[in-house]
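Along the sequence shown, residues are numbered consecutively beginning with 1. Being a predicted model, the structure only gives us computed values, none of them experimental. For ligands, and for the atoms within them, numbers begin at 1 and follow the listed sequence.
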Amino acid sequence: MAASPTPVAPVRSLDAWIAENVELLQPDRVVWVDGSRGQLDALLHEMVEEGRIIRLNPEHRPYSFLARSDPDDVARVEARTFICSENEADAGPTNNWRDPDAMRAELRDLFAGAMRGRTMYVVPFSMGPVGGALSRYGVQLTDSAYVVASMSIMTRVGETVLERIRAGARWVAALHSVGAPLEPGQDDVPWPSSPTKYICHFPEAREIISFGSAYGGNAILAKKAFALRIASVMARDEGWLAEHMLLLRVTDPKGRRFHIAAAFPSACGKTNFAMLRSSLPGWEVETLGDDIAWLAPGSDGRLRAINPEAGFFGVAPGTGYGTNPTAIDTLWGNTIFTNVALRPDGDVWWEGLTPTPPEGLVDWRGEPWSPDAGAPAAHPNSRFCVSAAQCPSIAPDWDDPNGVPIDAIIFGGRRASNVPLVVEARDWEHGVFLGATIASERTAAAEGQVGELRRDPFAMLPFCGYNMGDYMQHWLEVGQRLRRTGGVPAVYQVNWFRKDADGSWLWPGFSENGRVLAWIIERIAGEAAASDTPLGKVPAVGAIEYREAGVTDEQWQELFRIDERALLAEADDTAAFLDGFGDRLPEAVRRQLGGLRERLEQSAGLSRRAVA
Ligand SMILES: Nc1nc2c(ncn2[C@@H]2O[C@H](COP(=O)(O)OP(=O)(O)OP(=O)(O)O)[C@@H](O)[C@H]2O)c(=O)[nH]1
Ligand SMILES: O=C([O-])CC(=O)C(=O)O
Ligand SMILES: [Mn+2]
């Protein structure tokens, strides 16, 4: 039998891979994306003409567009996301696994003829500045013009990358189809997609195959699929870290500069923190990245980080002048919005942009909307896609290929109870434990029940390309290596989302998070006081001026209240979660849990005695 063309054969050469996929997918035409403004302009114009996107009123929002997705294609589909490693154990208990050969066979059937009636775009892209030591290349084939336009904003696309690949640089193969071929005479829809969805990763082959969705994290394959899932495997093999982290530089009133990387789960505040305007005078934050960081021990012995992306794919709802003015100033134009509401004047709106909605809105589905509709006008996971360079707080050297040296790593999550506003880890091993045991309430960033508490280790639950137990071990090893050179960053845990008994936020968040950042920096500089708790060190009395943030003494106490009984119950839950990793769980993580339980028991005993 003649070898059938397959999207899944080991990649021989770029041209052979494309030729095989053209034969299998049968697109009407193939277009190479060259990264030029002219080509992107023409593509966007064509999409407007075809009714796929709406051009916003240029008087309000120049060169900006609104895309409305299929109502069944609005978020990442974690249940349809697979790590197809050769051994199931290498995917680990937190990933869906499929046998790579079986998966490839199934995908081959799905992809046969999948691009009939459509254009196959060839998108060569670089994660990180082209030519940078930490940068990596990829090529995405896609039949979605929306994905091409988004990739052009989110990554460095085009000729310069292609030259590197032609010169022999390694690259990741990323195949994508919306899975909606057009038969002759068949009418198209604005957002083609398929009810059958597969987001598949082949870690050993460094390959991605995505079918059926055009939504961000499922389809802009440079982002979650490459820069996190495949890159985390590369990082494991090569001794670095690929993380779901924002990157920022903070300059204190004395003019000293510090660099922070922070991992919060999806829709838990990375973009907002990366663009922080601190309420504390004299503290300046510059943005380096808002979602993904690649970190590697540098020749200077420190952990250095780059933002591999070139744009922001940010959550719209909740973004307003009162919360994130920098983001609002970033979005003045040149932006692709997805699933936000449309105003009658041709501009956009979403919940939180202004305190009250304007009259005459059209909702994200394209239906007339009024405040009594009983559902938000913008989808809770509606997004903006805009170039990083357009952000007023972007650091002038944000795309330095050598990255920045990291002083502190912060882990966060969305927790109504139990987790204090801020905690300092006792050391790196304790910090790894804090990262490994993050739990967070589910958000609209993925399909599923919003609000449900789940474990999200390192904010990487949906993004780790291998066994999460091995991943914890890898973190411990990177720390050991940095310790030898004196470059271990400090580690902190934050929680902006603790609530009181009535369900109101205890902490105002946003610009007031600058007070927490200042305490962290002063700790690193050896200038701020802390007190010990069973969870780690917290700000000493007077170390943070919370009253200036409008927080009462009672609220402050509640923000740091340690409920030993609830925390011991959570520790039991943590033990059950960690047991799931079996012999892949590092001993150090188990030891940390033991230490936490001991400290909590002791503290509970002390308070019992105090009461008696
Ligand atoms: N209450 C409160 N809400 C916040 C805070 N920071 C961010 N949010 C809200 O949380 C939501 C998500 O915030 P983002 O900054 O977009 O989250 P992200 O981590 O960048 O999300 P992804 O792009 O999904 O990875 C938005 O609705 C924000 O308004 C905060 O300090 N307090
Ligand atoms: O991947 C997406 O669709 C957006 C994102 O940043 C996340 O979910 O963390
Ligand atoms: Mn994200």
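- Looking at atom 8 (O) of ligand 2, its nearest protein heavy atom turns out to be Arg76 NE, 2.8 Å.
- The protein heavy atom nearest to atom 15 (O) of ligand 1 is Asn272 ND2, 2.8 Å.
- Geometrically, ligand 1 and Thr319 share no nitrogen or oxygen pair separated by less than 3.5 Å.
- Only the side chain of Asp291 comes within 4.0 Å of ligand 1, counting heavy atoms alone; its backbone N, CA, C and O stay farther away.
- Ligand-side atoms of ligand 2 in range of Tyr215: 3 (O), range being under 4.0 angstrom from any heavy atom.
- The shortest N/O to N/O separation between Lys224 and ligand 1 does not fall below 3.5 Å.
- By the criterion of a heavy-atom distance under 4.0 Å, neither the backbone nor the side chain of Phe312 is placed next to ligand 2.
- Contacts with ligand 1 closer than 4.0 Å are made by no heavy atom of Thr323, backbone or side chain.
- Near Gly318, with a cut-off below 4.0 Å to any heavy atom, the atoms of ligand 1 are 27 (O), 29 (O).
- Using cut-offs of 30° and 60° for the angle between ring planes, the Phe226 and Trp294 rings count as tilted.
- Under a 4.0 Å criterion applied to the non-hydrogen atoms of Asp291, ligand 2 contributes the atoms 6 (O).
- For ligand 1, the atoms sitting less than 4.0 Å from at least one non-hydrogen atom of His244 are 25 (O), numbered in the order shown with element in parentheses.
- Draw a line from the Mn ion (ligand 3) to NE2 of His244 and another to OD1 of Asp291, and the angle between them is 90° (to 10°).
- The shortest N/O to N/O separation between Gly314 and ligand 1 does not fall below 3.5 Å.
- The N/O atoms of Lys224, backbone and side chain alike, include one that comes under 3.5 Å of an N/O atom in ligand 2.
- Among all protein heavy atoms, the one lying closest to atom 3 (O) of ligand 2 is Gly217 N, 3.0 Å.
- Metal site remark for the Mn ion (ligand 3): Ile292 contributes no N, O or S atom at a distance under 2.8 Å.
- At the top of the distance list for atom 9 (O) of ligand 2, counting protein heavy atoms only, stands Ser266 OG, 2.5 Å.
- Heavy atoms of Arg383 found under 4.0 angstrom from ligand 1 belong exclusively to the side chain.
- Polar contact check, Phe510 against ligand 1: a nitrogen or oxygen pair lies under 3.5 Å apart.
- Close N/O approach between Ala267 and ligand 1 is found [any backbone or side-chain N/O within under 3.5 Å].
- Glu548 and Arg515 are joined by a salt bridge, as a carboxylate oxygen and a charged side-chain nitrogen come within less than 4.0 angstrom of each other.
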Evaluate side-chain hydrogen bond (donor to acceptor under 3.5 Å, both in side chains) for Asp553 paired with Tyr546, printing each intermediate quantity in order.
-> CA-CA 8 Å; Asp553 293 346; Tyr546 56 86; 2.8 Å; yes

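- For Phe497, no nitrogen or oxygen atom sits less than 3.5 Å from a nitrogen or oxygen atom of ligand 1, counting backbone and side chain alike.
- Remark: Lys270 is not positioned above the aromatic ring of Phe264, lacking an NZ or CZ atom under 6.0 angstrom from the ring centre and at most 45 degrees off the axis.
- Using cut-offs of 30° and 60° for the angle between ring planes, the Trp519 and Tyr492 rings count as perpendicular.
- The aromatic rings of Trp475 and Phe411 are tilted relative to each other, their planes meeting at an angle between 30° and 60°.
- Compare Glu351, Lys270, Lys499, Glu512 by their heavy atoms: the one nearest to atom 19 (O) of ligand 1 is in Lys270.
- Counting heavy atoms under 4.0 Å from ligand 1, residue Arg414 touches it through the side chain alone.
- If you look at Ser266 next to ligand 1, the close heavy atoms, those under 4.0 Å, come from the backbone and the side chain alike.
- Within the listing of ligand 1, atoms 19 (O) sit less than 4.0 angstrom from a heavy atom of Pro265.
- Interface atoms of ligand 2 facing His244, defined by a heavy-atom separation under 4.0 Å, are 9 (O).
- Counting heavy atoms closer than 4.0 Å to ligand 1, residue Trp507 contributes nothing at all.
- Nearest protein heavy-atom neighbour of atom 17 (O) of ligand 1: Gly269 N, 2.9 Å.
- When side chains are defined from C-beta on, Leu280 does not count as touching Glu545, because their heavy atoms never get closer than 4.5 Å.
- Listed by atom number, the atoms of ligand 2 under 4.0 Å from Ala445 heavy atoms are 8 (O).
- No heavy atom of Lys270 sits closer than 4.0 Å to any atom of ligand 2.
- Interface atoms of ligand 2 facing Phe463, defined by a heavy-atom separation under 4.0 Å, are 9 (O).
- Contact annotation: for Pro317 versus ligand 1, heavy atoms closer than 4.0 Å belong to the backbone alone.
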